[in-house]
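So the structure is just underneath, and the comments pick up after that.
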Amino acid sequence: MTARCVIRIDATESPAVRVGDSVRKGQNLCAGTKLGVSYVSPIDGVVQEVRFDPAQHEFVISVSPEKE
Amino acid sequence: MTKSRRALTVTTAAVTIVVLLSSILSAASGVDYPNPKTDANDISFYRPPARDRSYPATPSRVRNVILLIGDGMGLSQVMLARMKAMGAEGKLNMQLLPVHGLIRTHSADKLVTDSAAAGTALACGVKTKNGMIGMAPDETPYCSILEAAQDKGMATGLVATSTISHATPASFGSHVKSRKMEPQIAEQLIGNRINVLFAGGRKYFLPQSNADSGRKDDRDLIVEAEEAGYTVIETTNQLRWVHGPRVLGLFQLDGLTTFAPEPMLAEMTKKAITLLDETATDSRKYGQGFFLMVEGSQIDWACHANDAANCVRQTLLFDEAVRAAVDFALADGRTLVVVTADHETGGLTIPDGDLKGDEIKVHWSTKGHSAAPVPVYAIGPRSDLFGGVYDNTEIPQRIATALGIKAFPQARK
């Protein structure tokens, strides 16, 4: 079984997903292209958490496998 | 500075806030934000200005400079705070300053900047890539206006509500390839002998043997700071009583909570001004005045969470620090105060509301940063340099002009 994945996005950018969204492997998790870096989901799954981490100035997106 | 640029600065036109009609109240953000320990809606600490006319201009030679930066503070953040504190007719302290301007904020390679590239522009007068601190895109370190002031014989200080090694304060006293190198930034801040450092971020000063450490080596920067002549403090009570030419105040392991028992930003600002003014008066080495940068770090954090109440609170906390700086400048007569921001966060607009400010509707277009221009407010000798519409790199260039520093910007030797 695939483990839960955590993706960190520089907070200059905005997340494109919300808690409860279903995402596909390779789907862009980032709303724009401000950073020139693509942040994609490494698995098919459901977004469990979208949290701002002020210390790192990053959004933390947690994705669980569809059948955890 | 070119003649044409200087001509622009003479203007002291008021900034017009354009409120875009957009969708009504922002939807639930879907972002978990660390909850403050007390009520973010409580803004009872804020004292509206007793006057509604602009502060007077004070022409004379510049001895001291206080630069205040609201992280993430665009025009709408200022307007929202003003509306909630005083209604449509009110003005924040920063809006009472006689000179107004606007700056553009793009970084060297992106339309939308981060705080590292914007901090570097505001500190060093050069554009760099997002994430880089105190250096050009080719990794050449550039002298910051704080370091140039030090070279001129001025006492210097940094105050923030983030960690002291966070991007904005870091840009004034360190030079690293990535903003994430906070342990190295902490080393450089102490190594640069900046007289006053007040913020959070104690974990980056503790050796890895300490359970609270954020370092991966055995260096104890607290001990190193004491050996370099710093008095190290951790509490508000210590802040009230401390004196000396070098003071390191680290009031949290990480960023500040901005709630008691920590010192408020205005209290740290007042104390930093007192210490720096004493040092500049008493010390031959620092006899040329002082330079102080104060950051309201958490306006940005509130806006990343699309949290309007905390955005208001953080902006008003910042405005109280502006009041402290302006009170000193008006009494001193030789102090230039410049208030600005590094970028706007949240794409905030105010599509509707009532004149009293009780029912303000807000709309956030992003959880990240935006490319919106940000305001500049100034008072004091040579504040005329800060009017107009210009680039963020010109802020430290104009401060250098006001201080008679000719070689700026310049690569660091």
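Please read all numbers here as calculations on a predicted model, not as lab measurements. Every chain is numbered from 1 and lettered A, B, ... according to where its sequence line falls, protein lines coming before strand lines.
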Per-residue contact mode, B:Thr113 against chain A (heavy atom under 4.5 angstrom):
backbone
Looking only at heavy atoms, the pair that brings A:Phe59 and B:His304 closest together is CZ-O, 3.7 Å
Working to the nearest 0.5 angstrom, can you tell me the gap between B:Lys367 NZ and A:Glu13 CD?
12.0 Å
Heavy-atom closest contact (A:Ser14 atom, B:Gly368 atom, distance):
CB-N, 3.6 Å
Taken to the nearest 0.5 Å, the spacing of A:Phe52 CZ from B:Asp300 CG works out to 5.5 Å
Interatomic distance, OG1@A:Thr12 vs NZ@B:Lys110, rounded to 0.5 Å, equals 11.0 Å
For the residue pair A:His57 and B:Asp114, confirm or rule out a side-chain donor-acceptor distance under 3.5 Å.
no
What do you reckon, is NZ of B:Lys129 surrounded by more than 12 foreign heavy atoms closer than 6.0 Å?
no
